[in-house]
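These figures come from a predicted structure and were not determined experimentally. Only heavy atoms go into these numbers, but all of them, side chains included; no hydrogens, no water, no symmetry mates.
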Amino acid sequence: MEYLFTFQNTHYAVHSEKILLNKKIPVSVMALPTSLGDFCGICLRVAREDFEQGRVHLTNAKIPIEGIFTIEGNNNERKYVPWKP
């Protein structure tokens, strides 16, 4: 399972990518799936094992995360499910 972080705007997404990479957390930038809205064109994908540490680093950096989603299914039928703490 992987997770998506979504943001209000591209500035927060790019800044978040830099923070996570500086903390040695692998991250992938991807286009925001259209099913999740149209607030920012990009989002960040992280692996399950890096999710909690990544979320803590972004929170500590005071980055406003718009949403967090789990990625379920396979490449042909992905579903984005809102994360529940």
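Of the inter-residue distances, the one linking Leu58 atom CG with Leu20 atom CG reads 4.5 Å to the nearest 0.5 angstrom. Here the straight-line distance linking atom CZ of Phe69 with atom CG of Leu32 works out to 8.0 Å at 0.5 Å rounding.
A distance-only check finds no donor-acceptor pair linking the side chain of Thr70 to the backbone of Trp83 [under 3.5 Å]. Under the 3.5 Å distance criterion, the side-chain polar atoms of Asn22 are matched with a main-chain donor or acceptor of Lys18.
You'll find the side chain of Ser16 reaches within 4.5 Å of the side chain of Phe7, heavy atoms only. Within the 4.5 Å cutoff, the side chain of Tyr12 has no heavy atoms near those of the Phe5 side chain.
By the criterion of side-chain heavy atoms lying less than 4.5 angstrom apart, applied directly or through intervening Ile, Leu, Val, Met, Phe, Trp or Tyr residues, Ile63 is grouped together with Leu21 in one hydrophobic cluster.
Every residue meeting the side-chain contact (heavy atoms from CB on, under 4.5 Å) condition with Pro33, not counting sequence neighbours, appears here in chain and number order: Leu4, Met30, Ser35, Leu36, Cys43, Tyr80. By the salt bridge (charged side-chain N to carboxylate O under 4.0 Å, His left out) test, Glu2 pairs with Arg45, sequence neighbours left out. Applying the side-chain contact (heavy atoms from CB on, under 4.5 Å) test to Thr10 and every residue at least two apart in sequence or in another chain returns Val14, Cys40, Ile42.
Residues Pro26 and Asp50 share a closest heavy-atom pair of CD-OD2, 3.5 Å.
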From CA spacing to verdict: side-chain contact (heavy atoms from CB on, under 4.5 Å), Ile71, Tyr3: CA-CA 6 Å; Ile71 303 172; Tyr3 291 83; over 6 Å; no
